[in-house]
Protein chains: 4
Amino acid sequence: MTSPKPSPEATSDPTGTKPLRADARRNRERILAAAEAVFAEKGPSASTDEVAAHAGVAIGTVFKHFPTKQALLQAIMKDLLARLTQEVDTLATDDAPGEALFTFITRMVEQAAQKRTVVGLLAETGIDLQVADSVQLLREGIEALLTRSQQAGTVREDIHLDEVIALLTGLCQGALHAGWDRDLQRRTLAIVFEGLRPFEARGGAAGTYS
Amino acid sequence: MTSPKPSPEATSDPTGTKPLRADARRNRERILAAAEAVFAEKGPSASTDEVAAHAGVAIGTVFKHFPTKQALLQAIMKDLLARLTQEVDTLATDDAPGEALFTFITRMVEQAAQKRTVVGLLAETGIDLQVADSVQLLREGIEALLTRSQQAGTVREDIHLDEVIALLTGLCQGALHAGWDRDLQRRTLAIVFEGLRPFEARGGAAGTYS
Amino acid sequence: MTSPKPSPEATSDPTGTKPLRADARRNRERILAAAEAVFAEKGPSASTDEVAAHAGVAIGTVFKHFPTKQALLQAIMKDLLARLTQEVDTLATDDAPGEALFTFITRMVEQAAQKRTVVGLLAETGIDLQVADSVQLLREGIEALLTRSQQAGTVREDIHLDEVIALLTGLCQGALHAGWDRDLQRRTLAIVFEGLRPFEARGGAAGTYS
Amino acid sequence: MTSPKPSPEATSDPTGTKPLRADARRNRERILAAAEAVFAEKGPSASTDEVAAHAGVAIGTVFKHFPTKQALLQAIMKDLLARLTQEVDTLATDDAPGEALFTFITRMVEQAAQKRTVVGLLAETGIDLQVADSVQLLREGIEALLTRSQQAGTVREDIHLDEVIALLTGLCQGALHAGWDRDLQRRTLAIVFEGLRPFEARGGAAGTYS
DNA sequence: TATGAATGAGTATTCATTCAT
DNA sequence: TATGAATGAATACTCATTCAT
């Protein structure tokens, strides 16, 4: 049972929620991990039953923790966004300020390509997941990366956060669904990064074409 | 009950299929059109019943023409790809060779953003749609556009078809799911186009940022 | 399969509904009859599955005809009310005008006592069945009976329709739940009828006590 | 968390039960009170969880005291019957012997109409509640009232206890489900009371019609 | 060939009851 | 003894697919 377990800080309850009993908390984690795995593999239309089976609990337990399938999807989404935000924050305090944004985008695309992440799938189902808060946190993190990159002169000043997120979304979705291999990822990202750079910085580190 | 029927060439059967009676053919068209409309609006999880109702035929008729829901989705996909290929071919013989690729990408993204097109949704369902032939035709069309643009000097020589298609896919998916508005589309595409241009053509027509 | 089949006129569609195919209509009747039997025996919390099994059809067929359990209950209710209204109307044109109301009440109570009728059960579940129209028809029928009885001098002039219906409801519920035997029914009704008679008519035909 | 506890005599265990610890007894009372309130409001299909929550105890505690939902319903029923018996006994020693039965019936109907009492709901569930002993006590109390009324000359000699209880049951059920307003209650009861009176006492105090 | 009724496996969700903490 | 997490059977409802009319 060595599924990718969500980092503790990501799944920590919002303050104010009464702490769960040890076994309950353990099950919650297992369910979340199972759900992430199952939905990642089969898409969000996978049955809750399957999630329960994968987690090794009864179906009732899943619904005790997440009273709706929606709620379960939301929880995964929040978890994921929290981990991304965390990663963004780490990058933001790293040394190479100019490359931070490029690195982050690259990592996200890599992840998306690897596993059929939930991120993308969520949107598709038309389910409105109301994870606005978590999204906002991530936006802020990305904005910080963008600003730093612009100050470092590796991204044009006239680029807005919206475009960056649009590109990020599109690239992830593309990578996710079309199953780009590493090489294709690299070359595709290189093109986009080239488009983000100021004229005087073109042909930079990320821009090596075969 | 005369719904807007797809153009005949778009729905043409692959050669080798036995010709249908006139009324059967008419029904086939109506079902396809209905399916495209319904799936475009509600996603591929819309029920076949709804498609039948929208087409004004009984459910049995739908399954007579397309023995599986899968088959119906496939047919739509092929239809769509055929129309895109058609559009590509038209663009390829236009006068402005340098802008043809950019124009095509822009149009596709616009369409994807406008209607919840099937394109994107198909991939998501994880269904393997086996439309390889149709895709190949489109690939070839796009390749022609790419070559012409490169010859015209508006796209870098070191760009491959794979990256172009990867970008196209990602941008469409992004536009589709994230609901970009026209302005955001324009700015996002401008960045990508900038990345596609050779150094000496940078800051070209498509690259005006707010 | 000789369950009490609803009379044709009771189940006839409101005009304007497209006529069903013969087999569909037959199934509809069977489902209704089965539902009436099952709910009558086990109360409205009986499962729809059981109704389907009892009717010898698949569960989907039940839901095709009655898209909701509610709808099924409603249909039974309407059916029942229609039959009651019918009975009321017959009584209203009978010869013995003075006894018509008493006869009707007696019959209803008898029926309620016999089978765990749906009437009573419906109210209990807290389900709002929206059969107002059908109820109104029955009210009008009962009102006619009441008026005739009053004109015949067997019911006091100062009795209103509301009280009659209240008594009818209470007596049916009581008979239904408490399982009164025939003799107890008779004696209980005799008391109520006695209360309905004018002073000068007391000790009338219905009022023989042990 | 001091909810309105039922009076001690009402909840007294049948003799022979081993005495509970003080806190356990307190919990028992709270659960009973909560159950009565919850079931009164939502009907007997309300969940045991809700009862537990309302009582401020854990679900396990409820099942410790009442090993089955059935048992809980039974206990409420007994409690209720005990209170009614108590009320009957009080009335039986009151001064106005002739009106005692009428008063009792009136009160019961009033209560039934006011709150979605459990009384009525119990019968509906089809659950056999085995509260024969408690019922017997109540029967005896009512019989006493009946006898006194007959001796006082306000109720006919040929009326039996069974009919009185039948009427009582029916009227309560009717009032409960049909939601009679006070005025309708009054007029309906007046009719029944009139039916109970001997000829020479007709048009008595309770018999004023609009 | 078209129709549309019937099928029945599948899905989310609830809830009485059990049992480890 | 109290807690409350876990259980899992049950239930209403959906929908792709089949087949008699």
Measure [atom1]/[X] against [atom2]/[N] and give the value in whole Å, please.
{"X": "B/Lys42", "N": "F/dC15", "atom1": "NZ", "atom2": "P", "answer": "10 Å"}
{"X": "C/Asp49", "N": "E/dT7", "atom1": "CG", "atom2": "P", "answer": "13 Å"}
{"X": "B/Arg25", "N": "E/dT1", "atom1": "CZ", "atom2": "C1'", "answer": "17 Å"}
{"X": "A/Ile31", "N": "F/dA6", "atom1": "CD1", "atom2": "P", "answer": "7 Å"}
{"X": "B/Phe63", "N": "E/dA2", "atom1": "CZ", "atom2": "C1'", "answer": "15 Å"}
{"X": "B/Gln70", "N": "F/dT17", "atom1": "CD", "atom2": "C1'", "answer": "14 Å"}
{"X": "D/Leu73", "N": "E/dT17", "atom1": "CG", "atom2": "P", "answer": "10 Å"}
{"X": "D/Arg26", "N": "F/dA2", "atom1": "CZ", "atom2": "P", "answer": "10 Å"}

Can you name the closest pair of heavy atoms from [X] and [Y] and give their distance?
{"X": "B/Val38", "Y": "B/Ala46", "answer": "CG1-CB, 3.6 Å"}
{"X": "C/Ile31", "Y": "C/His65", "answer": "CD1-CD2, 3.8 Å"}
{"X": "C/Lys69", "Y": "C/Phe63", "answer": "N-CE2, 4.3 Å"}
{"X": "A/Arg30", "Y": "A/Ala55", "answer": "NH2-O, 3.0 Å"}
{"X": "A/Ala52", "Y": "A/Val62", "answer": "CB-CG2, 3.6 Å"}

Any side-chain N or O of [X] less than 4.0 Å from the OP1 or OP2 oxygen of [N]?
{"X": "D/Thr61", "N": "F/dT3", "result": "yes"}
{"X": "C/Lys69", "N": "F/dA12", "result": "yes"}
{"X": "C/Asn27", "N": "E/dA5", "result": "no"}
{"X": "C/Thr48", "N": "F/dA12", "result": "yes"}
{"X": "B/His65", "N": "E/dT1", "result": "no"}

So which nucleotide from [options] ends up closest to the side chain of [X]?
{"X": "D/Ser47", "options": "E/dA16, F/dA6, E/dA5", "answer": "E/dA16"}
{"X": "A/Thr68", "options": "E/dG4, E/dT13, E/dT17", "answer": "E/dT13"}
{"X": "C/Lys64", "options": "E/dA5, E/dA2, F/dA6", "answer": "E/dA5"}

Between C/Val62 and B/Gly60, name the one whose nearest nucleotide on DNA chain E is closer to the 5' end.
B/Gly60

By nearest heavy atom, map C/Ala58 and A/Ile59 onto DNA chain E; which one lands nearer the 5' end?
C/Ala58

Pick the closest DNA chain F nucleotide for C/Pro67 and for A/Asp23 by heavy atoms, then say which residue is nearer the 5' end.
A/Asp23

If pairing requires Watson-Crick or G-U wobble contacts with both distances under 3.5 Å, which nucleotide is the partner of F/dT21?
E/dA2

